[in-house]
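Count residues from 1 along the sequence. Because the structure is predicted, anything quoted here is derived from the model rather than measured. Worth knowing before you read on, the calculation uses all heavy atoms, side chains too, and leaves out hydrogens, waters and symmetry mates. All ligand and atom numbering here is 1-based and tracks the order in the structure.
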Amino acid sequence: MSADTVDPDTGELAAAGLGLVVEDAVATVTLRRPERRNAMTPGMWRGLARVGEQIPDHVRVVVIRGEGPSFCAGIDLRMFTADGVPGEQRNPSPLDPGFDESIAGFQAGYTWLRNPAFVSVAAVQGHAIGAGFQLALACDLRVLADDAKLCMKEPALGLVPDLTGTKPLVEIVGLPRAIELCLTARTVGAQEAGQLRLAELVVPAGELDAAVADLTAALLSTDAAAARETKALLQQAAGNTLDQQAAAERQAQGRLLSASARR
Ligand code: CAA
């Protein structure tokens with residue numbers, strides 16, 4: 001079994017409050033700012049995007065977890081103060097010419113988790129607020145500890161959720177419930193999250209790592225190439241007609257069988 005950190009030389013990820021360990025086919029990304037409940041900064045979002053660029057081709061499962069009592073308390077609220085966060089860029093202003101590009105860069109820290117090359121799993125304990133809830137939503141699957149608390153806090157702070165969370169939220173809970181959750185900014189506990197399908201699994205807090213390890217093992221038990229083609233198929237199903245999806249299935253099967261015939 002080989003274990004390797006992908007960013008061993010520069011420590012840039014560590015400086016951004018991130019850890020990355022790749023062990024065989026599993027990459028584990030850890031938010032490492034527990035003293036601030038893993039509050040996020042632009043540096044952390046850019047670091048996440050860099051992690052996405054560095055995931056080796058052989059990785060089949062990416063686990064996102066947070067160190068300490070909370071998965072992630074959302075944006076570092078010091079970003080909104082006059083002093084800001086030491087060493088970090090200021091919150092982009094819509095008056096800046098690069099406003100749109102700045103936010104697109106932050107969103108890139110989230111969108112890579114949809115790559116069909118692997119399955120992304122959020123392991124959530126304690127609070128997942130705002131940007132943290134959106135990070136859990138950016139993953140394909142969520143495993144929640146029974147102390148998890150999810151909250152889309154942005155509208156309470158005069159913001160919209162802009163880290164790609166609105167689409168998966170609507171897809172998972174439906175439009176009326178998504179409106180209710182966002183526009184009340186209320187906190188959803190783990191049991192309700194399970195009922196709303198915001199969690200594939202809710203487990204006792206002490207069993208979170210073991211449950212994620214079990215799920216990871218199950219995900220690795222299927223054929224790697226078939227898993228990639230199947231995730232890509234499932235991702236496009238909602239936007240396709242039945243005829244389009246049937247055609248996509250035929251094409252995927254053809255690619256898969258041709259590749260295995262060549263091996
Ligand atoms: N930003 C900066 N610091 C934070 C933080 C945040 N979001 N969340 C927690 N911290 C810091 C606290 O200030 C505290 O620091 P000190 O020890 O120096 O006082 C430390 O982390 C521990 O926090 P608590 O003592 O509050 O810990 P707790 O376990 O009692 O509560 C919590 C945890 C419920 C997450 C609470 O800290 C909290 O409500 N945090 C703020 C959450 C929030 O409103 N986030 C913004 C969401 S909106 C968003 O994310 C916008 C976006 O997408 C762009």
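- Within a 4.0 Å radius of atom 27 (O) of ligand 1, the protein contributes one or more non-hydrogen atoms.
- Contact annotation: for H127 versus ligand 1, heavy atoms closer than 4.0 Å belong to the side chain alone.
- Looking at atom 20 (C) of ligand 1, its nearest protein heavy atom turns out to be E35 O, 3.2 Å.
- Residue G74 has at least one heavy-atom neighbour below 4.0 Å for each of these atoms of ligand 1: 50 (O).
- With a 4.0 Å heavy-atom cut-off, ligand 1 is reached by the side chain of A39 but not by its N, CA, C or O.
- The contact set between ligand 1 and L163, taken as ligand atoms under 4.0 Å from a residue heavy atom, comprises 53 (O).
- One distance of note links CZ of R186 with CD of E180; it measures 4.0 Å at 0.5 Å rounding.
- In this structure, CG in L13 is found 10.5 Å from CE in M44, a value given to the nearest 0.5 Å.
- Of all the atoms in ligand 1, the ones that sit under 4.0 Å from a non-hydrogen atom of A131 are 49 (C), 50 (O), 53 (O).
- Ring geometry for F118 versus W112: interplanar angle over 60°, hence perpendicular rather than tilted (30 to 60°).
- Nearest residue to atom 50 (O) of ligand 1 from L157, I75, V160, I103 is I75 (criterion: closest heavy atom).
- Side chains of R228 and R60 form a contact here, defined as non-hydrogen atoms less than 4.5 Å apart.
- Inside a 4.0 Å radius of atom 38 (C) of ligand 1 there is not any protein heavy atom.
- The main-chain N or O of S93 is found under 3.5 Å from a side-chain atom of D96 such that the two form a donor-acceptor pair.
- Annotation: atom 10 (N) of ligand 1 to nearest protein heavy atom, R36 O, 3.8 Å.
- Under the 4.0 Å distance rule, the nearest protein heavy atom to atom 48 (S) of ligand 1 falls inside the cut-off.
- The protein heavy-atom contact nearest to atom 40 (N) of ligand 1 is A73 CB, 4.3 Å.
- Using a 4.5 Å cut-off on side-chain heavy atoms (C-beta onward), F133 and L169 make contact.
- The nearest protein atom to atom 1 (N) of ligand 1, hydrogens excluded, is given as L77 N, 2.8 Å; this is a heavy-atom distance.
- Put simply, the side chain of L150 reaches to within 4.5 Å of the side chain of V124, judged on heavy atoms.
- Taking 4.5 Å as the limit, some side-chain heavy atom of L219 sits within range of a side-chain heavy atom of L141.
- In this structure the side chain of E101 never reaches within 4.5 angstrom of the side chain of P92, judged on heavy atoms.
- The closest protein non-hydrogen atom to atom 44 (O) of ligand 1 is K153 NZ, 2.9 Å.
- For Q134, every heavy-atom contact with ligand 1 shorter than 4.0 Å involves the side chain, none the backbone.
- Protein heavy atoms come within 4.0 Å of atom 3 (N) of ligand 1.
- For atom 23 (O) of ligand 1, the closest heavy atom belonging to the protein is R37 CG, 4.0 Å.
- Close contacts between ligand 1 and D76 involve ligand atoms 1 (N), 2 (C) [criterion: under 4.0 Å to a heavy atom].
- I129 and L135 are assigned to two separate hydrophobic clusters, defined by single-linkage of ILVMFWY side chains at heavy-atom distances under 4.5 Å.
- The nearest protein atom to atom 52 (C) of ligand 1, hydrogens excluded, is given as E154 OE2, 3.5 Å; this is a heavy-atom distance.
- The nearest protein heavy atom to atom 16 (P) of ligand 1 is not closer than 4.0 Å.
- Note that CD of E88 is 11.5 Å distant from CE of M40, once rounded to the nearest 0.5 Å.
- Put simply, the side chain of E154 does not reach to within 4.5 Å of the side chain of V160, judged on heavy atoms.
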